Amino acid sequence: AYITNFDSGDVTVVDIAANDVLTRIPVGDGPYGVDASPDGDLVYVTSEENGISVIDAATNTVAKNIPVNATTVAARPDGSVIYAVSYGEGTLTAIDSASHEILGSVGVGESPCGIAVNPFGTRIYVASLEEGTVRVIDAADLSVMDTLQVSEPGTAVLDIEVSPDG
């Protein structure tokens with residue numbers, strides 16, 4: 001397991017089978033979001049300082065930093081795309097996981113925070129902290145398909161997850 005430590009600027013790696021802390025990996029100021037590639041080879045960690053740090057899970061070292069503003073992150077189920085949400089910019093950015101090139105970006109409202117991708121990789125869901133909404137994004141062209149009012153504005157919709165069966 002990879003646990004972000006916001007105040008210390010690192011990620012704690014835990015062997016959950018042995019309940020043992022293995023190491024801590026520096027990733028820069030303010031790490032927050034974390035997700036792993038579907039094959040488990042890479043771990044993506046967002047931070048205020050370095051954008052997205054790509055951690056090699058075999059060596060537990062930072063292999064690369066992707067300079068994009070990102071608060072939270074999610075990998076597409078086939079591993080081909082990394083999706084990053086920027087709280088400050090109000091955007092969702094798609095990044096090619098092999099080249100780390102930005103594929104596109106779309107506005108997703110005020111204070112986006114949570115992100116999830118459906119099991120088919122066709123829809124991205126972004127929760128808004130301030131608006132009480134979830135935006136449904138078409139993964140093919142990054143267009144906003146729908147905006148769901150799931151809570152009252154200002155009630156802090158923080159995170160979202162999609163069940164494995166969609």
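Remember, it's a predicted structure, so these values are computed and weren't measured experimentally. Side chains are part of it too, since the values below use all heavy atoms of this structure and drop only hydrogens, waters and symmetry mates.
Heavy atoms only, all atoms of each residue included: Pro112 and Ser86 are closest at CG-O, 3.3 Å. Residues Gly114 and Asp159 share a closest heavy-atom pair of CA-OD1, 3.6 Å. When all heavy atoms of Gly109 and Glu131 are compared, the pair lying nearest together is CA-OE2, 3.9 Å. In terms of heavy-atom proximity, Pro119 sits nearest to Pro164 at CG-O, 3.1 Å. Contact between Val81 and Ala94 at its shortest, heavy atoms only, is CG1-CB, 3.9 Å. When all heavy atoms are compared, the tightest approach of Val117 to Ala74 is CG2-CB, 4.0 Å.
For the pair Val157/Cys113, no side-chain contact is recorded, criterion being any heavy-atom separation below 4.5 Å from C-beta on. In this structure, the side chains of Ile137 and Leu142 come closer than 4.5 Å at one or more pairs of heavy atoms. For the pair Phe120/Pro77, no side-chain contact is recorded, criterion being any heavy-atom separation below 4.5 Å from C-beta on. Side-chain contact between Asp138 and Arg123 is present, with at least one heavy-atom pair separated by less than 4.5 Å.
Side-chain atoms of Thr155 do not come within 3.5 Å of backbone N or O of Gly132 as any donor-acceptor pair. Put simply, the side chain of Ser47 never gets that close to the backbone of Pro31: no donor and acceptor are under 3.5 Å apart. For Asp35 (side chain) and Ala75 (main-chain N/O), a donor-acceptor pair under 3.5 Å exists by modelled atom type.
Two different hydrophobic clusters hold Val45 and Val73 under the rule that ILVMFWY side chains link at heavy-atom gaps under 4.5 Å. Both Ile52 and Ile102 are assigned to one and the same hydrophobic cluster, defined by single-linkage of ILVMFWY side chains at heavy-atom distances under 4.5 Å. Tracing side-chain contacts under 4.5 Å through hydrophobic residues (I, L, V, M, F, W, Y), one reaches Leu103 starting from Val126; they form part of the same cluster. Neither Ile82 nor Val62 shares a network with the other; the hydrophobic side chains, linked directly or stepwise wherever heavy atoms of I, L, V, M, F, W or Y lie under 4.5 Å apart, form separate groups for each. Hydrophobic clustering of Ile, Leu, Val, Met, Phe, Trp and Tyr side chains at less than 4.5 Å, counting indirect connections, keeps Val27 apart from Leu42.
The line from CG of Asp15 to OG1 of Thr23 is 12.5 Å long, rounded to the nearest 0.5 Å. Separation of atoms CG (Leu129) and CG (Leu158) is listed at 5.5 Å; rounding is to 0.5 Å. With values rounded to the nearest 0.5 angstrom, Thr122 atom OG1 is found 8.0 Å from Arg76 atom CZ. Leu148 CG to Tyr125 OH: the interatomic distance, rounded to the nearest 0.5 Å, is 8.5 Å. Atom OG of Ser105 and atom OH of Tyr83 lie 12.5 Å apart (nearest 0.5 Å). A distance of 13.5 Å separates CZ of Arg135 from CD1 of Ile115, quoted to the nearest 0.5 Å.
Screening residues 37-56 for salt bridge (Lys or Arg N to Asp or Glu O under 4.0 Å) gives no qualifying pairs among residues at least two apart or on separate chains.
A donor atom on one side chain and an acceptor atom on the other are found under 3.5 Å apart for Asp96 and Ser99. Using a 3.5 Å distance cut-off with no hydrogens or angles, the side chains of Tyr2 and Asn60 do pair a donor with an acceptor.
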- Please report the C-alpha distance between Val34 and Val11 in whole Å, then the side-chain angles of each, then the deciding distance to 0.1 Å, and finally whether the side chain to side chain contact (heavy atoms under 4.5 Å, CB included) criterion is met. CA-CA 9 Å; Val34 61; Val11 174; 5.7 Å; no
- side chain to side chain contact (heavy atoms under 4.5 Å, CB included) evaluation trace for Val54 with His100: CA-CA 10 Å; Val54 181; His100 302 132; 4.1 Å; yes
